[in-house]
Amino acid sequence: MLKDVITLDCIDIDLKGKTKSEIIDEMVDILYKNGKLNDREEYKKEILKREAQSSTGMEEGIAIPHGKTSAVKIPTVAIGISKQGVDYESLDGKPSHLFFMIAAPENSNDSHIELLSKITTLLLEDDIREALLNAKSKEEVLDILMKNAEKDNENSSLNQESNNNNDSYQVLAVTACPTGIAHTYMAADALLKKGKELGITIKVETNGSSGVKNELTKDEIKNAKGIIVAADKNVAMDRFAGKNVDIVGVKEAIKNPEQLIKNALNQTAPIYHINSEGGSSDRFAKKPKTGVYKHLMSGVSNMLPFVVGGGILIAFSFMFGINSSNPNDPSYNAFAKLLNDIGSGNAFFLMVPVMAAFIGMSIADRPGFAPAMVGGLISLNSGGGFLGGLIGGFLGGYITLLLKKVFSKLPESLDGIKPVLLYPLFGIFLTGAVMYLFIVDPIATINTGLSNFLKNMGTGNLILLGALLGAMMSTDMGGPINKAAFTFGIAMIASGDYAPHAAVMAGGMVPPLGIALATTIFRNKFTADEKDAGKTCYVMGLSFITEGAIPFAASDPIRVIPSCIIGAAIAGALTMAFRIQLRAPHGGIFVLPIVNNPPLYLLAIVVGSVITAVILGFIKKPVNNN
């Protein structure tokens, strides 16, 4: 029932916020104060994450921020009305007046998502928006929505399966937005309503957060004149090969459904093709293949579970003694050997080949996976290590791309054997040959030289290196610079040098811990919400989650980011000065017992955090918490 997700206590017809940020805070507060959220900051973080993908400010004065997360206790829609209007970065550049903030629990069932989404579709009607803007009470807002929801039900995308009893639709469509809560269904309903007005039979498949609904069948696709794909994320495209397909963003379907339907009827969109290598030719498939950084992050992100799980198991084995996994050592412990065998002999062993494989796959789709993985394994077995694995991943991916171009000249009758025979055979051979003949020996020499260089660095240079790594960790807090430092630290662990990653982890823990301390010590410099968020920062900082500082950095970057960089750089420098070694790639305070000198490592982190807190306390201006 609609009344289950809209309640009077979550309606405010006189919002006070004057900026997008203030409106989001105000709406989140409505949900939190009325018991709809488990964790205010976590839900707000999800809202901001969605806004970072693209603004949820629509045309006609509407904004629909939304998030699906475990921080939501009860599925709810908070409704707010701003009489003066707010710049919410809307599609038409005009102020937004109507705000519908959707809160969906992570385990929402289909009915919850459908009800939440249904509300947003009501806003497509001019008279409903006008009535809401002129409402004089919460009760009137609720009454408008309830009455129109019943009237609108027969035209909803959630109730369309009975609209046609055969496999013949003139137009088919697919809608999908990144979170699958609001825009997916608004686009579907806009197309369905316009289709009904034009007398066109149309079916819309929705790729929402609760799964695919009204899935298009083979016969329906075969019989349709044209197809509309209004999506901002990947959807299944190969089924549309040979059809006229108009591929647009999801907001285009909301804004201009009539033109899209007419284009489909007139078959003006280009014919959709899939390439002979099994990859899609659509714009979504190309997104992951733009830029070296994206390929690298694909490899690193898929490698991390092996690094974190395996690395911590190895580190735990050292708690029984550095040589406790060696059966010939007096400190031998069977459990320590088990931990080390799992972590080092298996999980950690796989990290370089897995990283290389996913870099190759990011570059050349599935055909690039095997050659790149073999390149990474050759590097691992030949002394090329982490750096050689990076090269093997890119080499395998780009060699596969080259093979795709070469083999594209073969007859179409041979298309079936390309992915199962030609690509793996020639890809693995060529990648392996290049690695053995030209790559692994020079890279092994570089790795040995770098390791020796770091071991022989004087104290002053080590301190500078630690400061640099610490500063990098806090510069963009999870972005490319942060990831570069983190990846360097992992590479050093893999090569047997455990000092650099100690600086990396210390530098990553300082920003959230320093901010948390500042909110505790300098309470008059932070709002009530920021002080609440500061408590969360303690946990995130202790867990080595630098991203906990992002909300503070985003709201006041000029003061927060330099403060964090200074504190993190000092922490990193101190770890090097103290000759701290850390064998675990992650874990924060929980792996403190396995560093070679826990008290000094803790001191470095505390000093850096206190410095960040003190700088913030002095340079931030007092706020009015009344």
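Residue numbers run from 1 in the order of the sequence given.
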Quiz prompt | Value rounded to 0.5 Å, distance of CD in Glu22 from CG in Asp29 | solution = 11.5 Å
Practice problem: For the pair Asp25 and Arg40, find out whether any cationic side-chain nitrogen is under 4.0 Å from an anionic carboxylate oxygen. | Solution: yes
Exercise. Check for a donor-acceptor pair, side chain of Asp441 on one end and backbone N or O of Ile443 on the other, with a separation under 3.5 Å.
Key: no
Quiz prompt | Pro65 and its side-chain contact (heavy atoms from CB on, under 4.5 Å) partner, picked from Glu46, Lys20, Glu51, Lys44 | solution = Glu51
Quiz item: Quick one: CG on Leu600 to OG1 on Thr575, what's the gap to the nearest 0.5 Å?
Solution: 10.5 Å
Quiz item: Quick check, are the ring centers of Phe358 and His295 under 6.0 angstrom apart?
Solution: no
Exercise. Could you tell me whether a side-chain N or O of Asp329 sits under 3.5 Å from a main-chain N or O of Ser324, the two making a donor and an acceptor?
Key: no
Quiz item: Counting N and O atoms only, with roles assigned by atom type, does the side chain of Thr612 sit under 3.5 Å from a partner on the main chain of Ser563, one being a donor and the other an acceptor?
Solution: yes
Exercise. Go through the steps to decide whether Val610 and Leu517 satisfy the test side chain to side chain contact (heavy atoms under 4.5 Å, CB included), and finish with yes or no.
Key: CA-CA 7 Å; Val610 169; Leu517 281 173; 4.1 Å; yes
Practice problem: Apply the test side chain to side chain contact (heavy atoms under 4.5 Å, CB included) to residues Phe544 and Val591: give CA-CA distance (whole Å), side-chain angles for both, the deciding distance (0.1 Å), then the verdict. | Solution: CA-CA 10 Å; Phe544 183 37; Val591 296; over 6 Å; no
Exercise. For the residue pair Phe407 and Tyr423, categorise the inter-ring angle as parallel (less than 30°), tilted (30 to 60°) or perpendicular (more than 60°).
Key: tilted
Quiz item: Above 12 or not: heavy atoms from other molecules or residues under 6.0 Å from CZ of Phe578?
Solution: yes
Quiz item: Crowded around Phe426 CZ? As in, over 12 foreign heavy atoms under 6.0 Å?
Solution: no
Practice problem: Give, for atom CG of Leu403 and atom CZ of Phe429, the distance between the pair rounded to the nearest 0.5 Å. | Solution: 11.5 Å
Exercise. Please check if atom CD1 in Ile558 has more than 12 non-hydrogen atoms from other residues, nucleotides or ligands closer than 6.0 Å.
Key: no
Quiz item: Looking at CG of Leu469 and CE of Met505, how far apart are the two atoms once the value is rounded to the nearest 0.5 Å?
Solution: 13.0 Å
Quiz item: Once you round to the nearest 0.5 Å, how far does CE of Met576 lie from CG of Asn461?
Solution: 11.0 Å
Quiz item: So, Phe349 versus Phe306, ring centres under 6.0 angstrom or not?
Solution: no
Practice problem: Evaluate side chain to side chain contact (heavy atoms under 4.5 Å, CB included) for Met492 paired with His501, printing each intermediate quantity in order. | Solution: CA-CA 7 Å; Met492 291 299 97; His501 202 70; 6.0 Å; no
Exercise. Go through Thr520 and Tyr538 one step at a time and tell me if the side-chain hydrogen bond (donor to acceptor under 3.5 Å, both in side chains) criterion holds.
Key: CA-CA 10 Å; Thr520 302; Tyr538 277 115; 2.8 Å; yes
Quiz item: Within the side chain of Asn302, is there an N or O that forms a donor-acceptor pair under 3.5 Å with the backbone of Met355?
Solution: no
Practice problem: Take Val510 and Cys564 through the test side chain to side chain contact (heavy atoms under 4.5 Å, CB included) and record every step on the way to the result. | Solution: CA-CA 7 Å; Val510 162; Cys564 290; 5.9 Å; no
Quiz item: NZ/Lys404 to CD1/Ile399 distance, rounded to the nearest 0.5 angstrom?
Solution: 14.0 Å
